[in-house]
Amino acid sequence: MGEGELIGALDARVKRREERRAFFGQALGAAALGGAMLTAGRAGAQTATPTPTPSPTATSTTPIFGTSDYLNFALNLEYLEANFYAFATTGAAIASTLQGGVVTAGVQGAATGGRAVSFTDPIVAQYAREIAADELAHVTFLRSSIGSLTVAQPAIDLSPAGAFTTAARAAGVVGASDTFDPYASDENFLLASFLFEDVGVTAYKSTTAVLSSTLREAAQGILATEAYHAAMIRGTLYRKGIETPSLNLIQKAQGISDLRDLYDGSVTENLTLGYAPDDDQGITPTTNAAGETVSNIVPLNSNGLAFSRTGDRVLNILYLNRAAVTSGGFFPAGVNGAIKTSATAT
């Protein structure tokens with residue numbers, strides 16, 4: 001059985017499992033109701049009990065997502081990152097052979113507006129080329145694994161005057177009437193990468209927890225890769241920010257971090273799973289118990305655990321919107337697949 005067929009079988013298994021859970025939940029609810037009625041009957045007079053009218057079965061409004069839905073959601077994020085790094089390093093989008101998918105699962109779109117970065121720092125250029133190759137490998141792997149259920153690449157806005165500038169203005173990276181060009185310098189490229197990479201880590205951390213297949217370990221491998229990428233970007237921004245304070249890179253990264261935290265709203269804190277009202281951190285240094293300066297390359301909660309975001313909260317950031325919407329920001333026509341609506345970010 002190929003991986004695409006395996007995912008189909010696993011999707012069916014996940015849905016059967018959810019149906020069984022719903023059935024047993026209803027059965028337990030009925031049993032509890034019956035017990036309450038029995039107790040009430042014993043306390044009252046011993047009179048004839050009329051035949052009860054059956055209550056209508058409640059219908060769950062919570063969508064049931066399968067393995068392919070979660071992997072396709074991840075694929076949308078990989079389309080975004082792979083195209084951004086491809087443009088930055090080669091001046092072109094990823095190959096057209098990696099953009100097609102299921103016709104019924106969304107309209108295929110193009111990644112537009114990107115161009116090559118004229119890197120001046122050879123280390124940043126090497127990092128960019130390494131990440132570009134990794135993200136391309138993720139797209140290829142996920143498409144192969146999902147098989148016949150693969151969604152097409154959605155329309156992606158990577159233009160300086162579009163989503164990047166909207167985000168940069170809101171984060172205070174540029175002025176209210178200025179344009180943020182992520183391809184204009186090494187530093188701008190790093191800030192744009194910072195916007196994406198931390199989000200990818202939190203998205204994969206949440207997604208791997210709900211996968212129930214042999215592909216869970218593979219998804220965890222991508223999670224680890226994205227975390228390495230995020231650390232490279234955060235570490236480089238921190239070093240450059242310390243070496244050249246006039247660039248204000250630490251302050252700008254903090255502004256992006258605050259914006260992501262604003263867009264995804266507040267959730268109930270769970271220190272074990274990594275959910276928190278404040279689930280984002282910039283690279284601003286802190287102090288330890290001894291009063292020594294400590295960098296903040298790895299954003300963690302008080303248990304030393306990385307943060308998580310559910311898919312809808314991830315979309316709040318990528319759509320650049322705190323409301324429940326299906327498109328916007330870097331995905332002007334929305335992402336493709338079942339998981340496509342952002343949250344109401346309270």
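The CZ atom of Arg169 sits 7.0 Å away from the OG1 atom of Thr166 when rounded to the nearest 0.5 Å. Atoms CD1 and OG1, on Ile339 and Thr207 in that order, are 7.0 Å from each other to the nearest 0.5 Å. The CG atom of Asp261 lies 11.0 Å from the CZ atom of Arg313; values are rounded to the nearest 0.5 Å. Here CG of Asp312 is found 10.5 Å from OH of Tyr319. Values are rounded to the nearest 0.5 Å. The line from CZ of Phe307 to CG of Leu273 is 13.0 Å long, rounded to the nearest 0.5 Å. Between the OG1 atom of Thr244 and the CG atom of Leu247 there is a distance of 5.0 Å, given to the nearest 0.5 Å.
Using a 4.5 Å heavy-atom threshold, the side chains of Val117 and Thr89 count as separate. You'll find the side chain of Ser327 stays beyond 4.5 Å of the side chain of Pro332, heavy atoms only. Within the 4.5 Å cutoff, the side chain of Thr179 has no heavy atoms near those of the Val174 side chain. Counting only heavy atoms from C-beta outward, the side chains of Ile123 and Thr236 never approach each other to under 4.5 Å. With contacts defined as side-chain heavy-atom distances shorter than 4.5 Å, the pair Phe196/Phe330 qualifies. The shortest side-chain heavy-atom distance between Leu77 and Leu318 falls under the 4.5 Å cut-off. Looking at heavy atoms from C-beta onward, Tyr79 lies out of side-chain contact with Asn336 at the 4.5 angstrom threshold. Side-chain contact between Thr287 and Glu292 is absent, with no heavy-atom pair separated by less than 4.5 Å.
Cluster membership check: Val267 does not share its hydrophobic cluster with Val210, using side-chain heavy-atom separations under 4.5 Å among Ile, Leu, Val, Met, Phe, Trp and Tyr. Hydrophobic cluster membership differs between Tyr228 and Phe141, with clusters built from Ile, Leu, Val, Met, Phe, Trp and Tyr side chains linked at under 4.5 angstrom.
Side-chain atoms of Asp258 never come within 3.5 Å of backbone atoms of Gly255 as a donor-acceptor pair (strictly under, hydrogens ignored). Put simply, the side chain of Asn248 never gets that close to the backbone of Gln251: no donor and acceptor are under 3.5 Å apart. In this structure, the side chain of Ser159 engages the main chain of Gly162 through a donor-acceptor pair within 3.5 Å. Listed for the Glu226 side chain is no donor-acceptor partner under 3.5 Å among the backbone atoms of Tyr204. Of the possible polar contacts, none joining the Asn72 side chain to the Gly337 backbone as a donor-acceptor pair under 3.5 Å is found. Checking side-chain atoms of Asn301 against main-chain N and O of Leu305 turns up a donor-acceptor pair under 3.5 Å. At distances below 3.5 Å, not a single donor-acceptor pair connects side-chain atoms of Asp186 with backbone N or O atoms of Phe119. Distance alone, capped at 3.5 Å, is enough to place a donor-acceptor pair between the Ser342 side chain and the Val325 backbone. Listed for the Asn316 side chain is a donor-acceptor partner under 3.5 Å among the backbone atoms of Ala343. Side chain of Gln281 to backbone of Leu300: a donor-acceptor contact under 3.5 angstrom is found.
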Could you go step by step and tell me if Asp121 and Glu187 meet the side-chain contact (heavy atoms from CB on, under 4.5 Å) rule? CA-CA 10 Å; Asp121 186 330; Glu187 290 73 29; over 6 Å; no
Stepwise, does the side-chain contact (heavy atoms from CB on, under 4.5 Å) test hold for Leu249 with Ile283? CA-CA 9 Å; Leu249 291 178; Ile283 54 175; 5.6 Å; no
Stepwise side-chain contact (heavy atoms from CB on, under 4.5 Å) test for Tyr85 and Ser193: CA-CA 9 Å; Tyr85 290 111; Ser193 301; 3.3 Å; yes
Show your working on side-chain contact (heavy atoms from CB on, under 4.5 Å) between Ile146 and Thr67 and close with a plain yes or no. CA-CA 9 Å; Ile146 300 168; Thr67 300; over 6 Å; no
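Gly282 approaches Phe194 most closely through the heavy-atom pair CA-CZ, 4.3 Å. Between Arg260 and Asp198 the shortest heavy-atom distance is NH2-OD2, 3.0 Å. Leu75 and Val151 get closest at one heavy-atom pair: CD2-O, 3.9 Å. Pairing each heavy atom of Ala253 with each of Leu191, the nearest pair is N-CD2, 4.1 Å. Taking each heavy atom of Ala111 and Leu158 in turn, the nearest pair found is CB-CD1, 4.4 Å. Heavy-atom minimum distance, Arg234 versus Asn296: NH2-O, 2.9 Å.
Between Asp279 and Arg309, at least one side-chain nitrogen of the basic residue sits less than 4.0 Å from a carboxylate oxygen of the acidic one, meeting the salt-bridge criterion. A salt bridge links Arg115 with Asp181: at least one charged nitrogen is closer than 4.0 Å to a carboxylate oxygen.
Judged purely by distance below 3.5 Å, without hydrogens or angles, the side chains of Lys340 and Thr326 never pair a donor atom with an acceptor atom. Side chains of Gln254 and Thr284: a donor-acceptor N/O pair is present below 3.5 angstrom, by distance only. Of the N and O atoms on the side chains of Gln153 and Asn76, not one donor lies less than 3.5 Å from an acceptor on the other residue. Asp134 and Thr225 are not linked by any side-chain donor-acceptor pair at a separation below 3.5 angstrom, with hydrogens and angles left out of the test. Side-chain contact of His229 with Glu135: a donor-acceptor pair under 3.5 Å is present, judged by distance alone. Side chains of Asp280 and Ser257: a donor-acceptor N/O pair is present below 3.5 angstrom, by distance only. Ser206 and Tyr275 share a donor-acceptor pair across their side chains, judged by distance under 3.5 Å alone.
Ring to ring, Phe164 and Phe84 are close: their centroids are under 6.0 angstrom apart.
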